Each structure stands twice: as C-alpha cells, then as structure tokens.
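Down below is the structure, laid out as structure tokens.
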Amino acid sequence: MPAQTTAELIDAHLITVQDFPSEGILFRDVTSVYANGEAFASVVDAFASHDWGTVDAVLGIEARGFGIAAAMAYARNVGMVSVRKAGKLPGELLSEDYALEYGTATLEVQPNVLPRGSRVVILDDLLATGGTLAAVVKLAERAGWIVAGIGVVIALDDLGGRAALAGHDILELSSYPAS
Ligand SMILES: O=P(O)(O)OC[C@H]1O[C@H](OP(=O)(O)OP(=O)(O)O)[C@H](O)[C@@H]1O
Ligand SMILES: Nc1ncnc2[nH]cnc12
C-alpha cells in the first residue's frame, strides 16, 4: 500500500464534534491528529520542510499551536516563541484583542525575546475566521518581526480566514467545510 499523504493522515485521525464549545459550531479537534505518531510526524515534517526562506523563529499560538511550533522549531534548529492568552506571560508585553468563530479573546507576546527584523513563521492548528492569526500577524509586526509565512493543519472553508490573511504565504495541510 502506498504511504498516506499528510492530508489523508489528518483525515484519518481527525475527530469532529457537533455543538462544541457552543451550539452550531462543528468543532474540528486536531488534538486527535497530534495523538497519532505517524500523523503528527507527517504534519511536523510538512511544516519543517516547506520553503519559507530564512526562518529565525517559529511562533506558536496557545494552545493547539504550541506542540507543532515547538516540533518545527526543533527540526529547523531555531527558537520557538509562545503567543499566549492574556494574563499568562510576565514582563513587557504587546497585546491584541480579536474575535474568533466562537467568541472574543486577547493574545499577548513578549517583544524582546527576538531582535527586530527576525523572520518568523506563525503556526496554529486551525484557520476559521482568521481573527486569531490576523491578531498574531499584528503582534509580530508591532514587535518588528517579518512574517515569513503562516502554517495551519486545517483551514475551514467559507469563514473568511484566507481573505483575513491576504498577502501572506499560507501553508494549509488540509481543508474542511465549516458546517
Ligand atoms: O480563525 P479563528 O476564527 O480565529 O479560529 C481559530 C482559532 O480558534 C481555536 O483556538 P481557541 O481560541 O479555541 O484556543 P485553544 O487552542 O486554546 O483551544 C484554534 O486553535 C485557533 O487558534
Ligand atoms: N470549528 C472549529 N473547530 C476547531 N477549532 C476552531 N477554532 C475556531 N473554529 C473552530
């Protein structure tokens, strides 16, 4: 049997839950993909082997972006920067409020962990409305970093996420209908 593609492995291991975390949301639970060794390795290899140009660091978004960002950073021998929900990081911070498919939130980053001019890849599990990733692009740019590209395991169709990130190189490993 030929080896499964990354998109096939994602599809084989993704769990979909209706009405989580609120009614009407079809929740795509990428943690079930991470839990399978072959699927997780395939996802990480796809991000790590992509041609992003020079990469100085990988930004991971809390919580489901952390694991993939750390693994890609290790594979590329570069740093990993945590972008966290409000109130979790100490010291000097930049903050951005944003809306996502099922609510609003605030993300924060420590701007002094990387020099201005650093080229960064931003990774997250899933692109829906794009509110989360657009907020992280703003944080990175306010910190003086150059966004080399954005990677997501899954993009949901028809929620406007790709348009919200127009102008950026987006690597989506698979895509699904939003409902
Ligand atoms: O494109 P958007 O509409 O902004 O939605 C995508 C975001 O929503 C989820 O995060 P969530 O805030 O639920 O956080 P979690 O990873 O901590 O569960 C997901 O992990 C993305 O970060
Ligand atoms: N439908 C969805 N499934 C999983 N994570 C999400 N984040 C935003 N929308 C989501």
Side-chain angles (χ1 to χ4, degrees), residues 6-7 9-36 39-40 42-44 46-47 57-73 80-89 93-110 120-143 145 147-179:
T6 303
L9 286 164
I10 292 167
D11 199 51
H13 296 284
L14 182 70
I15 290 176
T16 300
V17 181
Q18 182 68 58
D19 297 327
F20 182 87
S22 51
E23 204 169 326
I25 300 294
L26 189 61
F27 192 81
R28 306 285 186 180
D29 185 8
V30 179
T31 56
S32 58
V33 177
Y34 299 167
N36 177 270
F40 184 67
S42 185
V43 162
V44 172
F47 289 135
V58 184
L59 271 54
I61 306 175
E62 184 171 356
R64 285 171 280 149
F66 283 169
I68 47 178
M72 174 182 160
M80 183 264 171
V81 175
S82 299
V83 181
R84 298 211 61 182
K85 303 276 168 66
K88 301 287 187 181
L89 287 171
L93 299 174
L94 297 175
S95 298
E96 282 288 338
D97 300 328
Y98 62 100
L100 69 162
E101 195 187 1
Y102 39 69
T104 58
T106 304
L107 282 169
E108 296 181 333
V109 74
Q110 294 162 317
V120 299
V121 168
I122 304 171
L123 293 189
D124 204 2
D125 64 323
L126 185 138
L127 172 65
T129 65
T132 304
L133 276 159
V136 177
V137 168
K138 278 192 205 155
L139 287 173
E141 290 179 347
R142 286 173 58 198
W145 306 333
V147 177
I150 295 166
V152 292
V153 181
I154 290 174
L156 300 184
D157 298 326
D158 306 322
L159 290 176
R162 297 179 184 99
L165 302 172
H168 290 280
D169 174 19
I170 306 176
L171 173 61
E172 24 174 279
L173 304 184
S174 64
S175 63
Y176 287 84
S179 55

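We count residues from 1, following the sequence as given. Keep in mind it's a predicted model, so treat the numbers as computed, not measured. Counting starts at 1 for both ligands and their atoms, in listed order.
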Kindly assign one of parallel, tilted or perpendicular to the pair Tyr34 and Phe40, based on the angle between their ring planes and the thresholds 30° and 60°. perpendicular
Ligand 1 atoms nearer than 4.0 angstrom to some heavy atom of Thr132 are 2 (P), 4 (O), 5 (O), 6 (C), 7 (C), 22 (O)
Are any non-hydrogen side-chain atoms of Val152 and Leu126 less than 4.5 angstrom apart? no
Quick check on contacts: which atoms of ligand 2 are under 4.0 angstrom from a heavy atom of Ala128? 8 (C), 9 (N)
Determine, using heavy atoms of Ile61 and all atoms of ligand 1, whether some pair is separated by less than 4.0 Å. no
Residue portion contacting ligand 1 (non-hydrogen atoms closer than 4.0 Å) for Thr129: both
Should Tyr102 be counted as touching ligand 1, given the test is an N or O pair under 3.5 Å? yes
Mark the output for Leu156 as yes if a heavy-atom distance to ligand 2 is under 4.0 Å, and as no if none is. yes
A student checking ligand 1 against Ala128 at a 4.0 Å heavy-atom cut-off should list atoms 1 (O), 2 (P), 3 (O), 5 (O)
Protein residue, atom and distance nearest to atom 20 (O) of ligand 1, heavy-atom basis: Asp125 OD1, 2.5 Å
Using modelled atom types only, decide if a donor and an acceptor are shared between the side chain of Arg142 and the backbone of Ser95 within a distance under 3.5 Å. yes
Atoms of ligand 1 under 4.0 Å from any heavy atom of Leu126, numbered from 1 in the order shown, are 6 (C), 21 (C)
Nearest non-hydrogen protein atom, atom 7 (N) of ligand 2: Tyr102 OH, 3.2 Å
Gly87 backbone acceptor or donor facing Glu108 side chain under 3.5 Å: yes
Just wondering, more than 12 heavy atoms not from Asp158 lying within 6.0 Å of its CG? no
Going by heavy-atom distance to atom 6 (C) of ligand 2, choose the closest among Leu100, Leu159, Leu126, Thr132. Leu126
Is it the case that ligand 2 has an N or O less than 3.5 angstrom from some N or O of Leu26? yes
Heavy-atom contact under 4.0 Å between Gly161 and ligand 1? no
Identify which of Lys85, Arg64, Arg28 has a heavy atom lying nearest to atom 17 (O) of ligand 1. Lys85
If you count the atoms of ligand 1 from 1 in the order shown, which ones are under 4.0 Å from a heavy atom of Leu100? 2 (P), 3 (O), 4 (O), 5 (O), 8 (O), 11 (P), 12 (O)
State the atoms of ligand 2, each with its element, that fall below the 4.0 Å cut-off from a heavy-atom position in Arg64. 4 (C), 5 (N)
Quick check: do Val120 and Val81 have side-chain heavy atoms less than 4.5 Å from each other? no
Indicate whether any N or O donor in one side chain lies under 3.5 Å from an N or O acceptor in the other, for Thr129 and Glu101. no
The closest protein heavy-atom partner of atom 3 (N) of ligand 2 is Arg28 N, 2.9 Å
Any idea which protein heavy atom is nearest atom 2 (C) of ligand 2, and the distance to it? Glu101 OE1, 3.5 Å
Atom indices of ligand 1, in the order listed, that fall short of 4.0 Å to a heavy atom of Glu62: 16 (O), 17 (O)
